[in-house]
Amino acid sequence: MARLPDDFLLGSASAAHQVEGGLWNDWMRMEEEEPERILDGSSARVAIDHFHRYREDLELLASLHQNAQRFSIEWSRVEPQPGCFDPAALAHYADVIATCHRLGMEPVVTLQHFTLPVWLADRGGLLAPDAPRLFARFAAACAVALGAGVRWWVTVNEPNVLCHFAYNEGYFPPHQRSTGLALAASRAMLRMHVAASTALHTVAAQHGRQALVGLATHERRLRGAPGSPLNALAARLPDFIFNRWMLQSLARGRMLWPVGRGESVAGAAESLDFIGLNYYCEDQVVFDPRSTGTLMARTVPFDGAVYTTFGSPVQPEGLQRALTSLWAEFGLPILITESGVADNHDELRAQYIVDHLRAVVRAREEGVDVRGYLYWTGFDNFEWLPGYSQKFGLVAVDRETLTRTPKPSSAVYAEICRTRVVS
Ligand code: BGC
């Protein structure tokens, strides 16, 4: 039995596009114009209407004893036209933050979670030459308007996933399939993060506030499958590019090879106060010369693993490995900004949470500075390409009536949040 400290953040995480409804951004445009891209033919037009129901939703999560909430501010809502900031949108997020505080929950605020305003997408999206400057301007506007209530800022969510899916696999807008563009997008997102981090720190200093700035990295280590030493070799380069390139480049203050050419980036080395860790699972790969899009590493299933409805293995021990290796390499505090399971019948979730929190406890016993665990996600929501067909939530949402119903696993997590005891 282990007890997590009182100031350890235990809560859940979400993203604007997946819950709010009523948005117009590059994803919504894709969902309207090419509905066939969404597996169940749905869209985020209404999502779970969290934009209007945020007070009740946050009250429900607080009643489950959560003391932290991660959510994202939708750039397209706050800045519907370039340079024009909507005071009503900022006031909305100010009230979301105030509601979190009133309910005893620490807000963890993400500035970009996969979506972009259409006006930016139309001028090149992540690859627009001025994307870092524009993102920093948006970040500064958020910091000025909202910074009094926010200590934890996440600049970008999973740049590694977004660049891969949008520019390598072509699943996410703008649907490119080019390794060269994926690498260019990675460099662009590094610069966007650094520019936003500088803006957040500068505004905080001007106002005498404390800002802890990080990015949320998706950690999915690649391991070579047994059977051939080539498998481990094949894992190395894609593993580095996906899991370590961004963090190591930031730590060293330069764009490392092979994504960059060693060029230095001012402000990079000071841009991270913590690492936001999104952990779901690890992957096992074999060498396959035909898998050119993934640099000749092809994913194969783990023998005997439990798989989620989304097809990911359940591997709590991988979370412990992720925490210890990030701590050993970077020595920065870690906030688990996402960890969750697609489990449509709520069969795996309670055990999943207990096992992953045990991994956190073990990592802390080894000396890793883990500051919190934010379960993905509070409410079943719009899960990107699968639509509503994959359910990660602690709370079910009826798609007809939008009625919220806590699942049995939410009570198990609530008890841990209340007692802080992981047994
Ligand atoms: C993303 C979330 C997503 C979750 C589950 C993460 O990669 O940040 O937006 O819903 O995975 O697939």
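Heavy-atom basis, side chains included; hydrogens, waters and symmetry copies ignored. Both counts, for ligands and for their atoms, begin at 1 and track the order of listing. Positions are given from 1 along the sequence.
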Quiz item: Nearest protein heavy atom to atom 7 (O) of ligand 1, by residue and atom, and its distance?
Solution: E158 OE1, 2.6 Å
Practice problem: Using a 4.0 Å heavy-atom cut-off, say whether Q18 meets ligand 1 through its side chain, its backbone, both or neither. | Solution: side chain
Self-check item: is_close_aromatic(H92, Y54), centroid dist under 6.0 Å
Solution: yes
Quiz item: Is any side-chain heavy atom of F172 closer than 4.5 Å to a side-chain heavy atom of H164?
Solution: no
Quiz item: Quick one: does ligand 1 sit under 4.0 Å from the side chain of N157, the backbone, both or neither, non-hydrogen atoms only?
Solution: side chain
Self-check item: Side chain proximity check, R220 to C281, heavy atoms < 4.5 angstrom
Solution: yes
Practice problem: Cation-pi check, R404 to F379: give yes when NZ or CZ is under 6.0 Å from the six-membered ring centre and within 45° of the ring axis, no otherwise. | Solution: yes
Quiz item: Is R244 salt-bridged to E329, cutoff N-O under 4.0 Å?
Solution: yes
Quiz item: Which ligand 1 atoms does F310 reach within 4.0 Å, using its non-hydrogen atoms?
Solution: 12 (O)
Self-check item: Pairwise side-chain contact, F8 with V370, heavy-atom cut-off 4.5 Å (strictly under)
Solution: yes
Exercise. Can you sort out which atoms of ligand 1 are near F392, meaning under 4.0 Å from one of its heavy atoms?
Key: 5 (C), 12 (O)
Exercise. Starting from atom 6 (C) of ligand 1, locate the nearest protein heavy atom and write down its residue, its atom name and how far away it is, to 0.1 Å.
Key: E338 OE1, 3.0 Å
Exercise. For atom 3 (C) of ligand 1, find the nearest protein heavy atom and state the residue, atom name and distance (0.1 Å precision).
Key: E383 OE1, 3.6 Å
Quiz item: Of all the non-hydrogen atoms in the protein, which one sits nearest to atom 4 (C) of ligand 1, and at what distance?
Solution: Y280 OH, 3.3 Å
Self-check item: Element-labelled atoms of ligand 1 that are located less than 4.0 Å from some non-hydrogen atom of H113
Solution: 1 (C), 2 (C), 8 (O), 9 (O)
Quiz item: ring pair (Phe, Tyr, Trp, His ring centres under 6.0 Å) between H218 and W376: does it pass, once the steps are laid out?
Solution: CA-CA 13 Å; H218 187 110; W376 183 272; over 10 Å; no
